[in-house]
2 protein chains.
Amino acid sequence: MESPSYPTYTEPWDSAHQWDTRADCEVRQILDRIADKWSLLVISLLDGRSLRFGQLMRLIDGVSQRMLTITLRQLERDGLLTRHVYPVSPPHVEYTLTEMGRSLRQTIQPLVAWTETHQDAIAHARNAYDRSHEG
Amino acid sequence: MESPSYPTYTEPWDSAHQWDTRADCEVRQILDRIADKWSLLVISLLDGRSLRFGQLMRLIDGVSQRMLTITLRQLERDGLLTRHVYPVSPPHVEYTLTEMGRSLRQTIQPLVAWTETHQDAIAHARNAYDRSHEG
DNA sequence: CAGTATCCCTCACGATACTG
DNA sequence: CAGTATCGTGAGGGATACTG
């Protein structure tokens, strides 16, 4: 599968760094999606329960109708949650995590815990940096 | 510290959903930072070794000088990597993860693994969604 | 209630040129 | 080599008004 004419690359490299660094890297696309302004919050709030559109609106401070709609549609498109419409008037719509959504929520948990554990250290590092680089 | 006149909130809620959903939430600020377009890639590539500016430029396809500089400065400011300048000409600068940077790298690893495991499922879900919503 | 539609603006980012 | 400075664009996203 490898072309013999392709020159051997001499950058330092080993099996521990097998990330795909191309701009269209799938992993980074998915990370960009789940780490956007609202997706993580939605996934977190739906853990273990279903919620309606208005409930999510009230639980997420600062989100607009427009952005909540877009976020929910993207997560639905990615198969991370399902949208169930009850055909009543006024409309009743419930959002629920899929199996994949729940597994993502589990995976995110350690990262959330890391930020909580280290937020003071990061704040301290920022202060130190700003003091030593003030103009 | 709590005002007695603040009304008791009656939304469904339990101890499993204790996220801070305010717009200025520290956790989300940090997640926004580490999940931006280039930071994860830099942290990943620096795992277990130091690299120079030019090496990172060549390893990260598509990054501009400007964005690599900004990304590295932010990560340095957050205490996730250190910048070591060798006072020679031409300049020689090396970037190395700090202890905190290495611990973040460890924490990110499961999330990267998750995206790799589920990227086919997500692509499939997107296709199914697009087919059923085409118009 | 759960959305769409439209306007508008910021700012993140790329491109390019220059420098100690 | 490792940056800084400047300009231009466009996608992200807020505000507002309207609707089945």
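All values derive from a computational prediction rather than experimental measurement. Chain letters run A, B, ... following the sequence lines, proteins first and then strands; every chain starts at 1.
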Whole Å only: how far is the CH2 atom of A/W38 from the C1' atom of D/dG13? 10 Å
Measure from NE2 on B/H133 to P on C/dG3 and round the result to the nearest Å. 11 Å
Taking only side-chain nitrogens and oxygens of A/R83, does any of them come within less than 4.0 Å of OP1 or OP2 of C/dG3? yes
Within less than 4.0 Å of OP1 or OP2 of C/dT16, is there a side-chain N or O belonging to B/R66? no
Atom CZ of B/R73 and atom C1' of D/dG3 are separated, to the nearest Å, by 8 Å
Strictly below 4.0 Å: does A/Y95 bring a side-chain N or O up to OP1 or OP2 of C/dC1? no
Of the nucleotides C/dG14, C/dT4, D/dA2, which has the atom closest to the A/T69 side chain? C/dT4
Take the angle between the ring planes of B/H84 and B/Y86 and call it parallel below 30°, perpendicular above 60°, tilted in between. perpendicular
Which residue lies more 5' along DNA chain D, comparing A/P91 with B/Q65 via nearest heavy atoms: B/Q65
Measure from CG on B/L51 to P on D/dC1 and round the result to the nearest Å. 15 Å
Distance only, no hydrogens: is a donor on one side chain within 3.5 Å (strictly under) of an acceptor on the other, for A/S39 and A/D36? yes
Base, sugar-phosphate, or nothing for B/R52, non-hydrogen atoms under 4.0 angstrom? sugar-phosphate
Send over the distance from A/M67 CE to C/dG3 P, rounded to a whole Å. 15 Å
With a 3.5 Å limit on both atom pairs, tell me what D/dG20 is paired to, counting Watson-Crick and G-U wobble, or say none. C/dC1
Return the value, rounded to whole Å, for the distance between atom CG of B/L68 and atom C1' of C/dT16. 17 Å
Counting only heavy atoms from other residues, nucleotides and ligands, does the tally under 6.0 Å from NE2 of A/H92 exceed 12? yes
Thinking salt bridges, do A/D78 and B/R126 make one under a 4.0 Å N-O criterion? yes
Given atom CD1 of B/I70 and atom P of D/dA2, what is their separation to the nearest angstrom? 18 Å
Using the closest heavy atom to pick a nucleotide of DNA chain C for each, name whichever of B/K37 or A/P90 lands nearer the 5' end. A/P90
According to a strict under-4.0 Å criterion, is A/S64 in side-chain N/O contact with OP1 or OP2 of D/dG14? yes
Atom pair distance, as rounded to whole Å: CZ in A/F53 and C1' in C/dT4: 11 Å
Under 4.0 angstrom, heavy atoms only, what part of the nucleic acid is A/Y86 near: base, sugar-phosphate, or nothing? nothing
Report yes if the side chains of A/W114 and B/S103 come closer than 4.5 Å at any heavy-atom pair, otherwise no. yes
